[in-house]
Structure formats: C-alpha cells, structure tokens
Number of protein chains: 2
Amino acid sequence: MPSPKTKDLEQAARWFHALSDQTRLRIIDCLLDCEQCVCDLTDMLQTGQSRLSFHLKILKDAGILKDRRDGRWVYYSLNPDTIEEVQEYAESLKTRSHGGRGGSPCCD
Amino acid sequence: MPSPKTKDLEQAARWFHALSDQTRLRIIDCLLDCEQCVCDLTDMLQTGQSRLSFHLKILKDAGILKDRRDGRWVYYSLNPDTIEEVQEYAESLKTRSHGGRGGSPCCD
DNA sequence: GTTGTGAATCAAGATTTGTTGATGCGTCAA
DNA sequence: TTGACGCATCAACAAATCTTGATTCACAAC
C-alpha cells in the first residue's frame, strides 16, 4: 500500500486548512444548494464584508470554491471536483485504517 | 435539508484543523497500518521529540488518535470512529452539493 | 534509593492567521 | 462624467500556531 506523496499531503493539508474554520464551514453550508453573491452571504452570515472576502479567498485558493462575475456582483459556488477529492481522501483514510483495526500491535 | 448545528461545525472545524498540517498527516500515514510508539515515530518522521509530542497532542485532542501506555512507552493509534465521522462529514458535503450541481443559479 | 530512558510540558521567540476599518478598483445608472 | 454600489485589497493590530531547547515527569533497571 503506497504512502501518499509529499505533494498529495501538501494538497490535502491545504484543503483541510481551508475547512478548519467555522466561518468557512458556514460559507460552504450556504453554498450547498446554490451559488450566492457576496452581499447575500454577508446577510446570511451576519458578518463584515472584508472579513467574508478574506475567507472566500482562502476557500477559493484551496480550490473549494469557484467564482463568477456578473456585472457588479460576484457569485461564489462550490467546486464539486475538489469536494469529491476531499471526500476521497477521507475515504481512503477510513479504508486503509480499517486494515489496521485500531489498536492492533505493531507490525513493522 | 437541515443545516448542521453550530456544535457540529465546531466539531468539524476541530477535526479539519487537526488535519490541516503536513506533519500531522504524515503521522496519520504512519499509523494507518498499526500503532506506533513515539520513539518509532521520531525515527520514521525524522523530527524532534517535542515537536512530535506537540502534534500528537493536537491529533489526540481532536479525537483522531488514541494513546496507550505500556511501561515506559506510549503507543499511538488511529481512532477509527473519528476517522469515520470525518469521512461521513465529507461525504455529506459531496452528496448535498451535488443537489445544487455546481454553478446553478440562485434559488433562495 | 539512584540512574537512565521515553515522553509530556514549559518558556521564548518567530511565523501565521484572523479581525477591523480604510482605501482602491470595476461596473452600472443617471 | 459623476456618483453609488459591490467587492477586493491593504494596513495595523490581536491572537493563535509552530518550533526549539530546557525542564519535568513516569517508569523500569540496577
């Protein structure tokens, strides 16, 4: 069973970092059903615009969100591809860890 | 479709924070097959003992690792229950986001 | 007891992260 | 062209995080 490459770990750490904040998880929650523009998100989350923009950038840089400008408005939406990759990473941890079954004695 | 409660978000943010660091992901990788004691991990990861202890504590506090003392040695192993919860959270994001199909127009 | 070893904790400093308010940029309407 | 609006970015500060080396703690062997 191959270990993940450093690059994969880097990527995964980036994803998880983007997800490691309640504000950002709430943003994601607001986007589960459909895209939203920034001003709607400030209303939904009751937060300052610059704070929101900061967190949106982190999520976007991690590949978790996409944005789309329409006139004066910028709409953010989830990037399903990345969400799926995150899920697959978590799934692989689960699958591979079940091989070791918790507190089994050392096997090296 | 109910939104996750604040408490769930808090929990999820804690999990993801614990996973948001390459060193910690490498630790997890070392524990996929079987438990390891701290001194083995320092060898495997080529890192200082106090640094490792710091990261192990974060993973343990997040519920991702369990520890077990045996004489002078402390053995760390994955906590499959938490790994599964993380995977389920990621899965729910994936499932729920597919309902919205990416960049679909706003529906509120 | 004393000593040695594995591991946690502490202290100090460097770095990163998050918040707030101000400013700048692009777009639209008048 | 001017003004208003939506949003990104900047500057400054507060707070959290990470690293390193020293110290402490727990246990076992002697």
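Note on naming: letters A, B, ... go to the chains in the order of the sequence lines (proteins, then strands), and numbering restarts at 1 for each one. Only heavy atoms go into these numbers, but all of them, side chains included; no hydrogens, no water, no symmetry mates.
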Residue pair A:L19, B:Y89: steps toward the side chain to side chain contact (heavy atoms under 4.5 Å, CB included) verdict: CA-CA 11 Å; A:L19 298 172; B:Y89 191 95; over 6 Å; no
To the nearest 0.5 angstrom, please state how far the CZ atom of A:R26 sits from the CD atom of A:Q46.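 Here the interatomic distance stands at 9.0 Å.
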Would you mind classifying the nucleic acid contact of B:L52 as base, sugar-phosphate or nothing, using non-hydrogen atoms under 4.0 angstrom?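 No contact at all - B:L52 keeps every heavy atom at 4.0 Å or more from the nucleic acid.
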Look at all strands and tell whether A:G71 reaches a base, only sugar-phosphate, or nothing, counting heavy atoms closer than 4.0 Å.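 Sugar-phosphate: the residue A:G71, judged by heavy atoms under 4.0 Å, touches backbone atoms but no base.
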Under 4.0 Å from a heavy atom of chain B: give me the 5'-most and 3'-most nucleotides of DNA chain C that qualify.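 In short, chain B contacts DNA chain C from C:dG4 to C:dT9.
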Show, in sequence, the C-alpha distance, side-chain angles and deciding distance for A:L9 and B:D29, and conclude whether the side chain to side chain contact (heavy atoms under 4.5 Å, CB included) test is met. CA-CA 10 Å; A:L9 290 185; B:D29 198 57; 5.6 Å; no
For [X] and [N], give me the distance from atom [atom1] to atom [atom2], rounded to whole Å.
X     : N      : atom1 : atom2 : value
A:L41 : D:dG6  : CG    : P     : 14 Å
A:Y76 : D:dG6  : OH    : C1'   : 11 Å
A:K57 : D:dG6  : NZ    : P     : 22 Å
B:R51 : D:dA22 : CZ    : C1'   : 18 Å
B:R24 : D:dT19 : CZ    : P     : 8 Å
A:F16 : D:dT17 : CZ    : C1'   : 19 Å
A:W73 : D:dA4  : CH2   : C1'   : 12 Å
B:H55 : D:dT17 : NE2   : P     : 12 Å

Quick one: do B:S53 and B:Q49 satisfy side chain to side chain contact (heavy atoms under 4.5 Å, CB included)? Show the steps, please. CA-CA 6 Å; B:S53 208; B:Q49 179 264 321; 4.1 Å; yes
I want to confirm an ordering. Mapping A:Q49 and A:S20 to their closest nucleotides on DNA chain C, which one lands closer to the 5' end?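 Going by which nucleotide is closer to the 5' end, it is A:S20.
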So which one's nearest nucleotide on DNA chain C is more toward 5', A:D70 or B:C39?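 Nearest-nucleotide comparison on DNA chain C picks B:C39.
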B:T82 (side chain) donor-acceptor with B:G63 (main chain) under 3.5 angstrom: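 Checked: pair present.
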Do B:L41 and B:L56 make a side-chain contact, defined as non-hydrogen atoms from C-beta onward lying under 4.5 Å apart?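 Yes - at least one pair of side-chain heavy atoms lies under 4.5 Å apart.
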From the options D:dT9, D:dG6, D:dT20, select the nucleotide whose nearest atom is closest to the side chain of A:R72.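 The listed nucleotide nearest to A:R72's side chain is D:dG6.
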Between B:W15 and B:I64, which heavy-atom pair has the shortest distance, and what is it?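 Shortest heavy-atom contact: O-CD1, 4.0 Å.
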